[in-house]
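As structure tokens, the structure follows; a few thoughts come after it.
In what follows, chains are A, B, ... by sequence order, proteins preceding strands, each numbered from 1. Heavy atoms only: backbone and side chains are in, while hydrogens, waters and symmetry mates are out.
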Amino acid sequence: MLDIKVLRDDPGAVRAGALKKRLPDRAAAVDRALQLDAELRALLPSLDALRSGQKQASKALGKLSPAEREQHLQQQKQVKAEVAVLEEREKQLRADLEAQLALVPNVPDPEVPEGKDDTENVEVRRWGEVRDFGFPVRPHDELAEAQGWLDQQRASDMSGSRNYFLFGDLALLHDAVLRFAIDLMVDRGFVPVDPPVLVRDKAMYGTGFFPGGEEQTYRCEKDGLNLIGTAEVPVTSLHGGEMLAEEDLPKRFVARSGCFRREAGTYGKDTRGLYRVHQFQKVEQVIVDVADRERSIRHHAHIVDNAEALLQAFELPYRVVAVCGGDLGVPQAMKYDIEAWMPSRKGYGETHSASRFYDYQARRLVLRYRPKDGGKPLFCHTLNNTVVASPRILIPLLEMHQQPDGTVRVPAALQPYLRGRSVIGKALA
RNA sequence: GGAGAGGUGGCAGAGUGGCCGAUUGCGCCGCCUUGCUAAGGCGGUGUACCGGAAACGGUACCGGGGGUUCGAAUCCCCCCCUCUCCGCCA
């Protein structure tokens with residue numbers, strides 16, 4: 001949610017931002033919001049004056065004699081009816097304004113590249129070499145099935161497509177990457193969190209997933225709860241509605257959770273293997289800090305660096321891309337994706353997504369802090385990034401570290417999490 | 001799932017129809033007293049919106065939403081949450 005004052009001051013910039021995100025209908029919401037805002041502001045002075053009169057008269061009424069009282073009572077009933085009409089109008093306008101304002105996307109930063117979709121994201125840097133294997137490379141799913149580590153057939157029979165069973169050493173590796181990720185982040189000063197995975201609409205709305213993301217979300221209608229697609233939702237919402245002290249900021253969290261995504265509208269896309277699945281585990285980093293753009297930008301660089309440290313420890317080549325306008329979500333002001341090299345895809349595949357929001361989420365969440373100098377409360381800035389998502393990360397791990405005989409080398413950083421083993425799997429025929 | 005008690009400002013905690021946007025305490029800010037520290041005295045201190053250059057004025061807000069009333073933190077209804085007891089249970 002943007003401040004309505006930003007729309008009043010510079011509607012053109014907000015409209016242009018929505019268009020940069022390739023969301024023309026959301027750009028139209030800017031004008032609808034301003035129209036409603038103007039109507040509301042035209043209404044309020046007269047309504048307030050009317051209410052003021054009513055309030056005073058009511059107060060006086062308490063002190064009148066019974067005879068005078070009767071006469072004034074009739075007058076007051078009239079006023080009451082007038083106020084009721086205007087209040088109804090006010091309520092409607094406020095609700096409509098809120099709804100339109102919620103549709104207005106965050107304005108992308110100037111540094112966000114122009115572009116229509118992910119093919120126009122701009123590479124910022126690369127790390128690591130895409131080595132020449134010198135033997136036929138097995139796709140991760142074939143390798144994993146051959147090792148007895150993966151069963152997608154029975155998972156589909158049981159739970160539908162895009163589900164999986166992991167077994168044996170791959171199940172252990174899955175857990176190892178997650179635990180490594182948490183340790184890495186705890187070492188870097190983040191507070192570990194195990195959040196709820198079922199949340200009310202308020203948290204989905206507050207983080208900007210609703211309205212718009214309903215089709216991507218599993219919903220437990222009976223209880224009015226939603227399964228989260230990322231721990232960003234509960235963790236960023238953690239202090240929603242609260243007034244933090246500046247001394248408490250920044251807050252840095254690292255959360256591990258199950259993540260659930262319906263993947264509606266992706267039929268036929270990434271159908272193979274463990275790339276796009278309905279349920280996965282993710283370790284997510286979230287930062288809440290003061291309203292300072294420069295600081296947000298620095299945090300953004302840091303959370304990208306945290307993810308790069310993990311990929312480097314996993315010895316996986318990757319690149320960082322600046323996400324273009326058309327591929328940017330509604331609430332984000334700027335986003336970097338990190339993509340690891342995946343031989344079976346013959347390309348880089350997204351493993352991390354680092355977003356900064358400024359106060360867009362905090363406004364929706366009413367997440368505020370009181371500045372040290374005792375000034376007016378301000379909305380916080382929020383950011384988040386993946387630390388690791390698994391099983392997706394297992395794709396490059398298996399594919400890049402496989403050996404000619406079908407065994408898989410374990411990077412040194414992960415060996416402590418596998419009881420010191422440096423290789424997993426048996427020699428395949 | 002059943003029974004009860006509660007949800008009030010940054011925090012704690014009064015307030016059962018008009019004198020309440022709300023006593024008081026803590027915290028915070030300013031001034032004063034005081035060799036330092038500790039302690040004390042006086043004053044100030046909620047949020048949002050509207051109007052205003054500002055001073056300031058107005059309105060709304062006592063978990064959320066409806067209702068009764070000229071008037072609601074206070075009475076009624078629905079929902080959410082917290083706590084205690086009982087039941088069930090990984």
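- Nucleic acid contact class of A/Lys77 (heavy atoms, under 4.0 Å, all strands): sugar-phosphate only.
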Legend entry - Protein-to-nucleotide contact annotation, 5' to 3' order, nucleotides 46-51 of chain B [B base; S sugar-phosphate only; - none; under 4.0 Å, heavy atom]: SSSSSS
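- Across B/G46 and B/C26, the matching C1' atoms stand 16 Å from one another, rounded to whole Å.
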Legend entry - Watson-Crick and G-U pairing of RNA chain B, under 3.5 Å, as dot-bracket with | and [ ]: ((((((((.[[[..)..(.....]]]((((((.......))))))((((((....)))))).[[[[[..)....]]]]])))))))....
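- When every heavy atom of A/Asp151 is checked against every heavy atom of A/Arg154, the shortest pair comes out as OD2-NH1, 2.7 Å.
- Across every non-hydrogen atom of A/Phe379 and A/Val366, the tightest pair is CE2-CA, 4.1 Å.
- For A/Asp248, the side-chain hydrogen bond (donor to acceptor under 3.5 Å, both in side chains) test picks out no residue, with sequence neighbours left out.
- The residue A/Lys202 sits apart from the nucleic acid: no heavy atom pair falls under 4.0 Å.
- Of the possible polar contacts, one joining the A/Glu214 side chain to the A/Gly212 backbone as a donor-acceptor pair under 3.5 Å is found.
- Atom CD of A/Glu87 is separated from atom P of B/G67 by 10 Å (rounded to the nearest Å).
- Figure legend: cation-pi geometry between A/Arg392 and A/Tyr275, with NZ or CZ positioned under 6.0 Å from the six-membered ring centre and within 45° of its axis.
- For B/C29 and B/C83, the P atoms lie 34 Å apart once the distance is rounded to whole Å.
- Pairing each heavy atom of A/Arg252 with each of A/Gly189, the nearest pair is CB-O, 4.2 Å.
- Atom P of nucleotide B/G64 and atom CZ of A/Arg200 are separated by 15 Å, given to the nearest angstrom.
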